[in-house]
Amino acid sequence: MGKDTIADILTLIRNADMNRKRTIQIPLTNITENIVKILLEEGFLENVRKHRESNKYFLVLTLRYRRNRKGSYKTFLNLKRISRPGLRIYSKYPKIPKVLGGIGIVILSTSRGLITDREARLERIGGEVLCYLW
């Protein structure tokens, strides 16, 4: 784990999805817990549970997959980190980007916590654009 915990978490999830792992274990922090909650609400994850090992807490994520007609698995989750420690990207609510014309979601860090782009437009607040999901 490096200095950018959000990028590390997104990379862990992306790598597990590409390797078709059903469950992964990520370190528990407030930011990762909020991101995972959004992923669960939007239907990108099947299940989340907390796990404790030798005084360290982890989140165990169960990834969701989709089948095509031939029965093989396709990757279901596409993640892209936007704002990073070296270059912060902020957006006012009218200029919040739409991913795939509104099909994907944008996770924003606002004064009211981590929320999706749809919630930010409804509440008319902007914030830091953390990542894109589609």
Side-chain angles (χ1 to χ4, degrees):
M1 299 289 291
K3 301 260 184 200
D4 189 7
T5 58
I6 297 170
D8 292 340
I9 296 306
L10 294 178
T11 302
L12 284 172
I13 294 171
R14 187 183 311 113
N15 289 342
D17 188 45
M18 286 191 302
N19 290 324
R20 296 187 182 117
K21 286 191 175 184
R22 189 76 176 147
T23 61
I24 58 169
Q25 190 172 347
I26 61 172
L28 176 66
T29 63
N30 289 336
I31 293 174
T32 58
E33 188 173 19
N34 291 331
I35 289 175
V36 166
K37 187 176 95 175
I38 290 173
L39 289 174
L40 186 63
E41 288 172 357
E42 294 292 327
F44 290 103
L45 299 176
E46 278 187 22
N47 191 14
V48 177
R49 64 182 170 89
K50 290 184 182 177
H51 181 68
R52 181 179 176 196
E53 275 184 23
S54 66
N55 296 331
K56 291 184 180 180
Y57 288 93
F58 296 96
L59 288 173
V60 179
L61 311 177
T62 305
L63 300 177
R64 182 181 302 258
Y65 290 100
R66 61 179 172 200
R67 288 182 176 260
N68 64 7
R69 287 184 228 155
K70 297 177 184 175
S72 64
Y73 284 109
K74 283 189 169 182
T75 58
F76 186 65
L77 199 56
N78 293 311
L79 306 156
K80 185 176 181 185
R81 177 81 159 118
I82 301 302
S83 184
R84 51 192 171 90
L87 179 64
R88 302 288 185 187
I89 306 295
Y90 296 96
S91 178
K92 295 179 181 177
Y93 86 91
K95 296 191 177 194
I96 294 173
K98 289 187 178 182
V99 179
L100 293 177
I103 295 173
I105 64 170
V106 178
I107 297 180
L108 297 162
S109 176
T110 65
S111 58
R112 297 185 185 148
L114 294 182
I115 59 175
T116 63
D117 57 337
R118 286 178 229 125
E119 295 170 4
R121 284 189 194 95
L122 287 174
E123 295 180 13
R124 301 177 66 121
I125 56 174
E128 181 181 355
V129 181
L130 295 179
C131 61
Y132 294 161
L133 304 163
W134 70 93

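What you see is a predicted model; the values in this text were computed from it and never measured.
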Just how far is it from atom [atom1] of [X] to atom [atom2] of [Y], taken to the nearest 0.5 Å?
| X | Y | atom1 | atom2 | answer |
| --- | --- | --- | --- | --- |
| Leu10 | Cys131 | CG | SG | 5.0 Å |
| Lys21 | Ile13 | NZ | CD1 | 13.0 Å |
| Ile6 | Ile31 | CD1 | CD1 | 4.5 Å |
| Ile107 | Leu133 | CD1 | CG | 4.5 Å |
| Leu39 | Ile9 | CG | CD1 | 11.0 Å |
| Asn30 | Ile35 | CG | CD1 | 11.5 Å |

Can you tell me if [X] uses its side chain to pair, donor with acceptor, with the backbone of [Y] under 3.5 Å?
| X | Y | value |
| --- | --- | --- |
| Thr5 | Thr32 | no |
| Arg81 | Ser83 | yes |
| Thr11 | Ala7 | yes |

- prompt: Tell me, which pairs form a salt bridge (Lys or Arg N to Asp or Glu O under 4.0 Å) where one or both residues lie in residues 29-40, sequence neighbours left out?
  reply: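 As it turns out, the salt bridge (Lys or Arg N to Asp or Glu O under 4.0 Å) pairs with a partner in residues 29-40, which skip direct neighbours, are Glu33-Lys50.
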Legend entry - Residue pairs involving residues 87-105 (criterion salt bridge (Lys or Arg N to Asp or Glu O under 4.0 Å); sequence neighbours excluded):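 Those involving residues 87-105 are Arg88-Glu128.
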**Report entry** Asp17 versus Leu63, closest heavy-atom pair with distance
**Finding:**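 Distance-wise, the nearest heavy atoms are N-CD1, 3.9 Å.
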inquiry  = Give me the atom names and distance for the closest heavy-atom approach of Ala16 to Ile24.
reply    =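 What the structure gives for the nearest pair is CB-CG2, 3.0 Å.
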Transitive ILVMFWY cluster of [X] at side-chain heavy atoms under 4.5 Å: who else is in it?
| X | answer |
| --- | --- |
| Phe58 | none |
| Trp134 | Ile82, Leu87, Ile89, Tyr93, Ile96, Val99, Leu100, Ile103, Val106, Leu108, Val129, Tyr132 |
| Ile125 | Ile115 |

I want to check something: taking the side chain as every heavy atom from C-beta on, are Glu53 and Gln25 in contact at a cut-off of under 4.5 Å?
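Side chain of Glu53 against side chain of Gln25, heavy atoms only: contact under 4.5 Å found.
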- Run through Ile26, Thr23, Leu40 and flag the one making a side-chain contact (heavy atoms from CB on, under 4.5 Å) with Leu61.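 Only match with Leu61 under side-chain contact (heavy atoms from CB on, under 4.5 Å): Ile26.
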Counting only pairs under 3.5 Å, give me each side-chain donor-acceptor contact of residues 41-49, with atom names and distances, residues two or more places apart or in other chains.
from  : atom 1 : to     : atom 2 : distance (Å)
Glu42 : OE1    : Arg118 : NH1    : 3.4
Glu46 : OE1    : Arg22  : NH2    : 3.0
Glu46 : OE2    : Arg22  : NH2    : 3.0

